[in-house]
Amino acid sequence: MKSAKILTAALSGCLALSIAWAPAASAADAAASTEAVQSSKTDIINEIMEYLEYYNVEGIDQDTLIRGAIDGMVSTLDDPYSQYFDQAEAADFGHAVDLEYVGIGVRLVYTPKELYIEEVMSGSPAEKAGLKRGDIILKINGVRVDDTAGDELAGASGTKVSLLIQRDGVSKSYSVTRSEITTTSVTSTIIGSKVAYIAINGFTQTADEEFSTALDKMRAAGMKSLVLDLRDNTGGYMDSAQNIAAKFMDAGIMMYTSDQSGVLTPVTITNGSKIGVPVVVLTNEYTASASEALTGALRDNKLATIVGTRSYGKARIQSLIPMSDGGELKLTTMKYLTPSKEDFNHIGLAPDIEIKGKTAQLITALQIAGLTGITASGDNHILDINGAAFAGNVGLIKQGDKVYASSRVLSALVESEVTWDAKNKKVLITTGAGKSSGFTLAAKEALYQDGETFIELGAFKKKFPLLTWSYNAAQNQLKLSVK
């Protein structure tokens with residue numbers, strides 16, 4: 001055996017020498033040689049599959065073998081975004097990207113203590129059944145919920161789901177019939193003195209058209225500034241994002257892309273239009289992919305101020321490649337960089353102004369956009385800003401005769417920063433001028449619950465008299481205002 005190995009090595013050396021000195025092979029010979037090598041490589045796959053199928057003692061299904069082989073090949077890429085879909089999975093993925101699903105039409109929020117409805121979609125089965133935002137879900141189909149519950153709301157169209165709901169301390173059962181739901185990609189409203197708010201929930205195939213319609217509507221309403229909400233937008237079709245970017249800039253670079261070659265190619269906008277008003281973009285840790293591309297384009301072209309938290313960090317583009325079996329291969333084919341050539345993959349884009357908490361982020365963005373009078377109302381589940389419904393809450397806590405609100409919300413309203421002094425167990429609110437006010441747990445001026453802090457409103461009012469507040473005990477609703 002030792003001699004055979006040496007001989008093989010020697011023959012290999014001779015072969016290499018003869019190839020080096022032989023006349024150049026024809027293109028046809030080279031192609032044939034390459035084809036033979038590739039055929040040999042794929043033959044071993046078929047060979048192993050046959051042995052597994054015919055001789056494995058447990059027996060095995062051929063379709064299962066093939067799917068396992070495909071998934072195995074894709075998994076070797078060590079790329080969480082590349083994936084093979086069979087025909088049914090491809091259809092499901094397409095529906096998901098276009099925000100289409102079967103359900104009851106609610107947005108849920110999980111906390112360590114409860115599961116509640118943050119949003120009820122207009123015209124949805126949930127709305128028709130009488131469910132409201134802020135409703136606490138106690139049971140689904142008779143089973144008490146926990147921190148992993150909620151998937152039971154999904155099911156086949158036309159089937160029913162029973163919910164035990166708690167509202168205003170009273171429990172009541174509801175029966176809701178599931179149906180096919182298409183979530184609106186873009187929502188918009190005017191707040192206060194001509195501040196437009198547009199939220200893009202996903203970059204569907206029609207998101208660019210919906211955005212254009214919403215923008216025209218906002219302009220007709222007298223838009224003087226714009227808050228663009230990209231929080232919780234995990235991406236979608238990049239061409240939709242590019243078309244939306246063209247509504248902000250007449251010409252310029254949206255991003256750079258590169259393939260296997262590593263050569264950077266600019267993606268340019270040439271026939272766009274200037275937005276013409278100040279823009280604030282809201283981001284959070286679920287702002288991803290196409291949302292980050294749009295954020296980076298607006299930031300680097302100095303068209304927007306970014307407010308919120310660092311984005312997800314997905315700077316890779318996938319292509320959907322049709323397969324002969326009717327399935328699709330979702331394959332990462334390009335990476336992209338911002339116009340300033342920042343590769344933020346696995347890092348995310350940092351905001352210009354970092355603010356934590358949904359409500360505080362929104363309030364800060366509206367203030368930067370020029371809204372001077374803000375009234376935030378709700379409880380620990382729901383939020384209205386100047387009468388319009390939004391995701392978030394004011395963090396209401398009632399203990400005895402004391403009423404508390406989220407320190408993040410309060411600090412945002414008075415345009416200050418909030419920090420937690422763990423050593424002295426004190427919440428610090430610091431103004432832009434550098435003046436700090438403290439609220440201690442010992443004096444019951446503050447509370448610390450589930451990693452968040454809350455401030456007693458009487459104590460806060462003494463130190464920040466520009467805030468006015470009122471509490472409706474009958475409805476358990478808190479109103480906070482600044483002028």
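Please read these numbers as outputs of a predicted model, since none were measured by experiment.
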One thing to verify: whether [Y] and [X] come together as a salt bridge, which I'm taking to mean a side-chain N less than 4.0 angstrom from a carboxylate O.
X	Y	value
Arg299	Asp352	no
Glu89	Lys330	no
Asp71	Arg67	yes

Any donor-acceptor pair under 3.5 Å linking the side chain of [X] with the backbone of [Y]?
X	Y	value
Arg107	Glu119	no
Lys461	Pro465	yes
Gln361	Ile355	yes
Arg133	Leu383	yes

Full working for side chain to side chain contact (heavy atoms under 4.5 Å, CB included) between Glu118 and Leu108: CA-CA 6 Å; Glu118 184 177 60; Leu108 302 175; over 6 Å; no
Check against side chain to side chain contact (heavy atoms under 4.5 Å, CB included), Ile429 and Ile455: CA-CA 10 Å; Ile429 304 294; Ile455 300 175; 3.9 Å; yes
Side chain to side chain, Glu114 and His381, heavy atoms closer than 4.5 Å: yes
Side chain to side chain donor-acceptor pair (under 3.5 Å) contacts touching residues 208-222 (sequence neighbours left out): Ser185-Glu210, Thr206-Glu210, Asp208-Asn243, Ser212-Lys247
Ring pair (Phe, Tyr, Trp, His ring centres under 6.0 Å) involving Tyr312 - partner list, sequence neighbours excluded: none
Pair up each side-chain donor or acceptor in residues 437-453 with any protein partner under 3.5 Å, not counting sequence neighbours, and list the distances.
unit_1, atom_1, unit_2, atom_2, d
Thr440, OG1, Ala443, N, 3.2
Glu445, OE1, Thr440, N, 3.1
Thr453, OG1, Ser407, OG, 2.5

